[in-house]
Amino acid sequence: MLKILIHGSKGRMGKAVAACAAAEGDVEIVAGVDAGDSLDPGLSQADAVIDFSAHDAVPALAAACAGNGKPLISGTTGLTEEERQAFRDAANRIPIVWASNFSTGVNALFWLVRRAVRVLGEKFDVEIVEMHHRLKKDAPSGTAQTLAEIVAAERRLPLDRAARHGRYGLVGERGAGEIGIHSLRGGDVVGDHTVCFAGPGERLELTHRAASRETFARGALRAARWAVGKPPGLYDMRHVLDLDPDAAAS
Ligand code: NAD
C-alpha cells in the first residue's frame with residue numbers, strides 16, 4: 001500500500017485525489033494537510049506527498065519534503081520564478097514530479113504540439129486559448145503556460161518577449177514571432193485548451209477538454225507510484241508516461 005500525504009487536502013483537487021485513492025485501492029491517504037495545519041506527524045508516515053495547494057505554499061513544502069527524504073508530486077500552478085527555484089533546489093535531494101497538468105490527454109497534446117510546430121514551420125501563427133471555471137485564481141493556466149513554453153522552445157524564441165496576453169485597442173498587425181495566449185473564465189469548466197495554428201489558406205486546431213478532475217487526480221497518483229524509489233531530480237509527466245525518452249531530469 002502506497003502511503004500518501006495530501007497537501008491542499010480541503011481543496012477541489014485535494015478532495016479529488018482522496019476520492020480516486022479510495023477507488024483505486026492500492027493507495028492509503030495517511031494525512032491531509034491544509035492551510036494552517038502542521039506537516040507533522042503525517043509527513044514521517046508518508047511514502048510520498050501529493051500537492052495541489054497555492055503557489056506561495058510551495059517553497060516551505062519542497063524544503064520539508066527534501067529534509068525528510070519524501071518524493072513530492074505537485075500540480076500547483078501560478079508559481080513565481082523564485083517558487084520554481086525552490087523545486088529545483090529540493091530536487092537535488094528528492095525526486096519531484098511537477099506537472100502543470102496531470103491528465104494523459106493533455107500530455108499527449110503537449111507531445112502533438114511539439115511535433116506540429118516542427119511540421120508546420122514558422123508561416124503558421126500560434127494562438128493558445130484556455131477556459132476554466134470562475135473560481136480559478138491564476139491566469140493564464142499553468143497548462144497554457146506550458147503550451148506556450150513548448151512553442152517558444154521549438155521556435156527558439158524568448159517567451160517573455162513572444163507572449164501576447166490578450167489584445168485590446170489599436171494593437172497593429174500581428175508580429176510574426178508572437179504567441180497569443182488568451183484566458184476565458186466562467187461557470188464550472190474544469191479545463192479546456194486549444195492551440196490554433198493559422199497558416200496560409202488553412203488552420204489546424206488541437207483541443208483538449210477535461211470533463212472531470214478525476215483525470216488529474218489519477219495522473220497524480222500514477223506519478224506518485226512512479227516517483228517512489230527514483231533518484232533525486234525534477235521530473236514531469238513525460239518521464240512518468242514515457243512519452244519522450246530523450247527528456248532528461250533537470
Ligand atoms: P482550491 O482553491 O480548491 O484548493 C487549494 C487548497 O490549498 C485550499 O484548500 C487551500 O486552503 C489550500 N492551501 C492554501 N495554502 C495552503 C498552505 N500554505 N498549506 C496547505 N494548504 C494550503 O484549488 P484547486 O482547484 O484544488 O487547485 C489547486 C492548485 O492546483 C491550483 O494551483 C490549480 O491551478 C492547480 N491544478 C493543477 C492541476 C494539474 O493537473 N496540475 C489540475 C487542477 C488544478
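Keep in mind the model is a prediction, meaning the values are calculated, not measured. When a ligand or atom number is given, it counts from 1 through the structure's own listing order. The residues of the chain are indexed from 1 along the displayed sequence.
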*Verify, without hydrogens or angle tests, whether Lys136 (side chain) and Ser141 (backbone) share a donor-acceptor contact under 3.5 angstrom.*
no
*asked:* Please check whether Ala99 reaches ligand 1 - meaning an N/O of the residue sits under 3.5 Å from an N/O of the ligand, judged on distance alone.
replied: yes
*Can you pull out the closest protein heavy atom to atom 3 (O) of ligand 1? Residue, atom name and distance to 0.1 Å, please.*
Arg12 N, 2.9 Å
*Do Asp188 side-chain atoms and His133 backbone N/O form a donor-acceptor pair below 3.5 Å?*
no
*Any sub-3.5 Å donor-acceptor pair from Ser9's side-chain atoms to Val33's backbone N or O?*
yes
*Any N/O pair Phe102/ligand 1 closer than 3.5 Å*: yes
*asked:* I want to know if ligand 1 touches Met13 in the polar sense, i.e. an N/O pair below 3.5 angstrom.
replied: yes
*So is Asp34 polar-close to ligand 1, meaning N/O to N/O under 3.5 Å?*
yes
*atom 21 (N) of ligand 1: which protein heavy atom is closest, and how many Å away?*
Ala35 N, 3.1 Å
_Protein contact of atom 39 (C) of ligand 1 - nearest heavy atom, named by residue and atom, plus distance_ = Ser100 O, 3.4 Å
*Gly142 heavy atom under 4.0 Å from ligand 1*: no
*Thr143 (side chain) donor-acceptor with Ser100 (main chain) under 3.5 angstrom*: yes
*Would Met131 and Arg185 satisfy side-chain contact (heavy atoms from CB on, under 4.5 Å), going step by step from the backbone distance to the final call?*
CA-CA 6 Å; Met131 179 158 189; Arg185 292 288 176 266; 5.8 Å; no
_ligand 1 to Ala54 polar contact by distance, N or O atoms, under 3.5 Å_ = no
*Identify the protein heavy atom lying closest to atom 18 (N) of ligand 1, giving its residue, its atom name and the separation to 0.1 Å.*
Ala57 CB, 3.2 Å
*Any luck finding a side-chain donor-acceptor pair between Ser53 and Asp51 under 3.5 Å?*
yes
*Could you tell me whether ligand 1 has any atom less than 4.0 Å away from a heavy atom of Lys137?*
yes
*May I ask you to check if ligand 1 and Thr77 share an N or O to N or O distance below 3.5 Å?*
yes
*Should we count CZ of Arg115 as having more than 12 external heavy atoms under 6.0 Å?*
yes
*asked:* Give me the nearest non-hydrogen protein atom to atom 7 (O) of ligand 1 as residue plus atom name, then the distance to 0.1 Å.
replied: Ser53 CA, 3.4 Å
*Looking only at heavy atoms, is any part of His7 under 4.0 Å from ligand 1, and if so is it the side chain, the backbone, or both, or is it neither?*
side chain
*Flag Ser103 as yes when one of its N or O atoms lies below 3.5 Å from any N or O atom of ligand 1, and as no otherwise.*
no
*Which residue holds the protein heavy atom closest to atom 4 (O) of ligand 1, what is that atom called, and what is the gap in Å?*
Gly11 CA, 3.2 Å
_Side-chain donor/acceptor of Asp34 to backbone N/O of Lys10, under 3.5 Å_ = yes
*Going by distance only, is there an N or O of Gly75 that falls short of 3.5 Å from an N or O of ligand 1?*
yes
*Parallel, tilted or perpendicular: rings of Trp226 and Tyr235 (30°, 60°)*: perpendicular
*Whether Arg114 side chain and Leu109 backbone form a donor-acceptor pair below 3.5 Å*: no
*Would Lys3 and Asp47 pass as an ion pair if we require N to O under 4.0 Å?*
no
*Looking at atom 38 (C) of ligand 1, what's its closest protein heavy atom, distance included?*
Phe52 CE2, 3.6 Å
*Which atoms from ligand 1 have a heavy atom of Lys136 less than 4.0 Å away?*
34 (O)
*Charged N to carboxylate O under 4.0 angstrom, Arg88 versus Glu81?*
yes
